[in-house]
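Hydrogens, waters and symmetry mates play no part in the numbers below; they use all other heavy atoms, side chains included. By convention here, the first residue in the shown sequence is residue 1.
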Amino acid sequence: ELPVLRGASLFFEQNRVKAVYIDGYDDRGVLDFLKDHGFQFFNGRTFKPADFEYSLLAIHDRILRSWNTTDSRKYSVQT
């Protein structure tokens with residue numbers, strides 16, 4: 001997963017990536033890469049804020065802010 005993300009680094013640097021979904025990864029470097037590019041993490045199945053999850057949904061902070069949340073770090077999707 002990390003080599004794929006690094007291969008797309010130009011897209012990340014140009015803010016063209018809004019979200020990333022990864023299912024089944026074991027390299028914490030994935031989290032570091034995404035965090036360094038402004039992403040926040042959610043459990044991909046529950047949409048609750050998360051850190052190191054098997055099913056990871058990473059959404060860029062600017063997208064979360066555009067959803068008009070008062071505190072995007074506490075944002076969670078109601079199911």
Within a radius of less than 6.0 Å around [atom1] of [X], do more than 12 heavy atoms belonging to other residues, nucleotides or ligands occur?
X: Arg6; atom1: CZ; result: no
X: Asp36; atom1: CG; result: yes
X: Tyr21; atom1: OH; result: yes

Minimum heavy-atom separation for [X] and [Y], please, with both atom names.
X: Ser66; Y: Ile63; answer: OG-O, 2.6 Å
X: Asp51; Y: Leu56; answer: O-CD1, 3.6 Å
X: Phe41; Y: Ala58; answer: CD2-CB, 3.8 Å
X: Glu1; Y: Gly24; answer: OE2-O, 3.1 Å
X: Phe39; Y: Lys18; answer: CE2-O, 3.7 Å

To the nearest 0.5 Å, tell me how far [X] [atom1] sits from [Y] [atom2].
X: Leu57; Y: Thr46; atom1: CG; atom2: OG1; answer: 10.0 Å
X: Ser55; Y: Tyr25; atom1: OG; atom2: OH; answer: 9.0 Å
X: Leu31; Y: Leu2; atom1: CG; atom2: CG; answer: 10.0 Å
X: Phe11; Y: Leu5; atom1: CZ; atom2: CG; answer: 12.5 Å
X: Asn43; Y: Lys48; atom1: CG; atom2: NZ; answer: 9.0 Å

>> Tell me if a side-chain donor or acceptor on Arg16 pairs with a main-chain N or O of Leu10 at a distance below 3.5 Å.
In response: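 No; judged by distance alone, with no hydrogens or angles, the pair does not exist.
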>> Under a 3.5 Å distance rule, please check whether His37 uses its side chain to pair with a backbone N or O of Val17 as donor and acceptor.
In response: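 No, His37 side chain to Val17 backbone: no donor-acceptor pair under 3.5 Å.
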> Going through the distances and angles, do Phe12 and Phe33 end up as a ring-ring contact (aromatic ring centres under 6.0 Å, His included)?
Replying inline: CA-CA 10 Å; Phe12 284 93; Phe33 179 91; 5.0 Å; yes
>> Is any side-chain heavy atom of His60 closer than 4.5 Å to one of Asn15?
In response: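 Yes, side chains in contact.
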> Taking C-beta and beyond as the side chain, do Tyr54 and Arg45 meet within less than 4.5 Å on heavy atoms?
Replying inline: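 Side-chain contact under 4.5 Å: yes.
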> Between Val4 and Leu34, is there a shared hydrophobic cluster once you connect ILVMFWY residues whose side-chain heavy atoms come closer than 4.5 Å?
Replying inline: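 They do not share one cluster, since no chain of ILVMFWY contacts under 4.5 Å joins Val4 to Leu34.
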>> Less than 4.0 angstrom from a charged side-chain N to a carboxylate O is my criterion; do Asp61 and Lys35 meet it?
In response: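 Looking at Lys35 together with Asp61, the answer is no, because their closest N to O distance does not fall below 4.0 Å.
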